[in-house]
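Letters go in sequence order (proteins before strands), and every chain restarts at 1.
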There are 2 protein chains.
Amino acid sequence: MVFGFDRATSAERTGDGHWKLDIDAGWNIRSYPNGGYLVASMIRPLMAELDKPDPLTVSAHFLRPTSVGSADLSTEVVKTGRTHTHVQASLVQTTERVRLLAAFGDLDAADGPTLISGEPPELPPPDQCLGRGQLPRFLTSIEITEQIDTRLAPDAPWLATRPAAPSISGWVRLADGRPPDIASLFVFADPFPPAVLALGPAQWVPTVELTVHIRARPTPGWLRVRFATRYLVDGYHEQDGELWDDKGVLVAQSRQLAMLRPRV
Amino acid sequence: MVFGFDRATSAERTGDGHWKLDIDAGWNIRSYPNGGYLVASMIRPLMAELDKPDPLTVSAHFLRPTSVGSADLSTEVVKTGRTHTHVQASLVQTTERVRLLAAFGDLDAADGPTLISGEPPELPPPDQCLGRGQLPRFLTSIEITEQIDTRLAPDAPWLATRPAAPSISGWVRLADGRPPDIASLFVFADPFPPAVLALGPAQWVPTVELTVHIRARPTPGWLRVRFATRYLVDGYHEQDGELWDDKGVLVAQSRQLAMLRPRV
């Protein structure tokens, strides 16, 4: 069986550092492909190609909306080092749509002290959280929500009767049973639904820049995620995300700068 | 009077999108220029040149150590839009040392909802915090600490008698009285001393990638800052920073991925 994520992020090598991508309609948010899915599509070919396997940090700038369909991926190895390889990548559909910088390394070779003071969110078991059937229709009508089995904590702010802090937590996994790996973490790191949608659904939330740090290889099973926005100022806001695997290990952190705009 | 920061970040235009920089020894951390200072040096010429004044988000990859002395700054406008202009910049000293992606916009033109749930750290007044004379010598012997007047909260983790959470807060300003502006925020966003130094001073903390979001123009006066690391795993760690101005307005957020290594 070929899982949906693998099919949607497959790439055909067309030359040295160049690939042809096929952006899949299944990962859209209202006719625009999700940013995390685009980053996953750009990073996955590099993971197979580079001398270092793990994309430790990726910063993507969203220049213009990307369309479903064919796209060219152009990459440049900026520096190859003993510990890290830095790469630049561009997604092009006639014009450039996304540009990113990434540093690859090898998580298995990391060697140094460990001290952890954060922890995953406290959540009821997945079957006691809110699944598709219990979420507002403006959320479940988004294409990408069919790919991601999402179980939100019962205190999801959309369900509050008055404005709540824009923070959400819950369980996520790919709906077709594909286990999480590093490439798929990028999809979970730029989640539907943005926490700021708690302020009102009739909004459009374009991402200016998304940075993801990959911190560990996830084990199979559910991921626990928490997303929060603390500073929404004149529409601009950060969204910070933390992702843990089924064993409670932090596997990724994400931060994006985005805008909250009236729907157009 | 020409302030030290302005002299140390001045640039000579040598062509379209090209500048000559002079990396100043005063902003070193043990013979290597501070990463935030390098980013400030690369961004300041662009702030004067581009059609949008404010670097809203900057992600810098540190490829190789930079040296004091002459450097070339090469920039490329990736996309000019109505709201944002995206730029790439490289600092070169024979080989490329730093590459960054930045999105410029206009904070004064931002228009959208505001909802703030974070707040600045509670701090005693600056004269009741720890200044140079009260900090350990391994901190005050670093060159850049002469440029930045730093007053740390009395609970600074270096002063704890047993290992404490790697988090610090305090007041900062440029020592020669130059008021803070957006360009100088990059220096305060990659601070000496890294919070993880609380785990032991005999360490070297190279930054892999630093992202700074500029959220507001600071008013004159002290800045309040808080830096924290929650996930140190096998030496890799994030350091998150928040910077507020004298009126309690959040002016910047920063996050870096760095390594904690035995001193070499």
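For the set A:Ile116, A:Leu100, A:Leu107, A:Thr95, the count of heavy-atom pairs under 4.5 angstrom toward chain B peaks at A:Ile116. Contacts with chain A were tallied for B:Gly235, B:Pro113, B:Gly118; B:Pro113 has the most, counting heavy-atom pairs under 4.5 Å. Annotation: maximal heavy-atom pairing with chain B below 4.5 Å, among A:Gly112, A:Gly81, A:Ala110, occurs at A:Gly112. Here B:Val78 is the residue among B:Asp111, B:Val78, B:Val208 with the most heavy-atom pairs under 4.5 Å with chain A. Most heavy-atom pairs under 4.5 Å with chain A: of the set B:Gln253, B:His84, B:His86, B:Arg215, this distinction falls to B:Arg215.
Within the 4.5 angstrom heavy-atom criterion, atoms from both the backbone and the side chain of A:Leu56 approach chain B. With a 4.5 angstrom heavy-atom cutoff, A:Glu119 touches chain B only via backbone atoms. The contact between B:Ala102 and chain A is made entirely by backbone atoms, counting heavy-atom distances below 4.5 Å. Proximity to chain B (any heavy atom under 4.5 Å) is restricted, for A:Glu96, to the side chain, taken from C-beta onward. With a threshold of 4.5 angstrom between heavy atoms, A:Thr211 approaches chain B through side-chain atoms but not through N, CA, C or O. Heavy atoms of A:Ala228 lying under 4.5 Å from chain B are absent altogether.
A donor-acceptor pair shorter than 3.5 Å can be found between the side chains of B:Glu209 and A:His213.
No more than 12 heavy atoms of other residues, nucleotides or ligands lie within 6.0 Å of CG in B:Asp16, so this atom counts as exposed by the packing criterion.
When all heavy atoms of A:Thr114 and B:Asp234 are compared, the pair lying nearest together is OG1-N, 2.9 Å. Contact detail for B:Glu242 and A:Tyr231: the closest heavy-atom pair is OE1-OH, 3.1 Å. Across A:Met259 and B:Thr83, no two heavy atoms sit closer than the pair CE-CG2, 4.0 Å.
Residue A:Leu257 holds its CG atom at 5.5 Å from OG1 of B:Thr57, rounded to the nearest 0.5 Å. Rounding to the nearest 0.5 Å places OG of A:Ser59 at 10.5 Å from CZ of B:Arg255.
Taking a cutoff of 4.0 Å between a charged side-chain nitrogen and a carboxylate oxygen, A:Arg99 and B:Glu76 qualify as a salt bridge.
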- Query: Would B:Leu250 and A:Arg230 count as a side chain to side chain contact (heavy atoms under 4.5 Å, CB included) if you check the C-alpha gap in whole Å, the side-chain angles of each, and the deciding distance to 0.1 Å?
  - Reply: CA-CA 10 Å; B:Leu250 180 88; A:Arg230 286 176 304 141; over 6 Å; no
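The side-chain heavy atoms of A:Leu115 and B:Pro166, taken from C-beta on, include a pair separated by under 4.5 Å.
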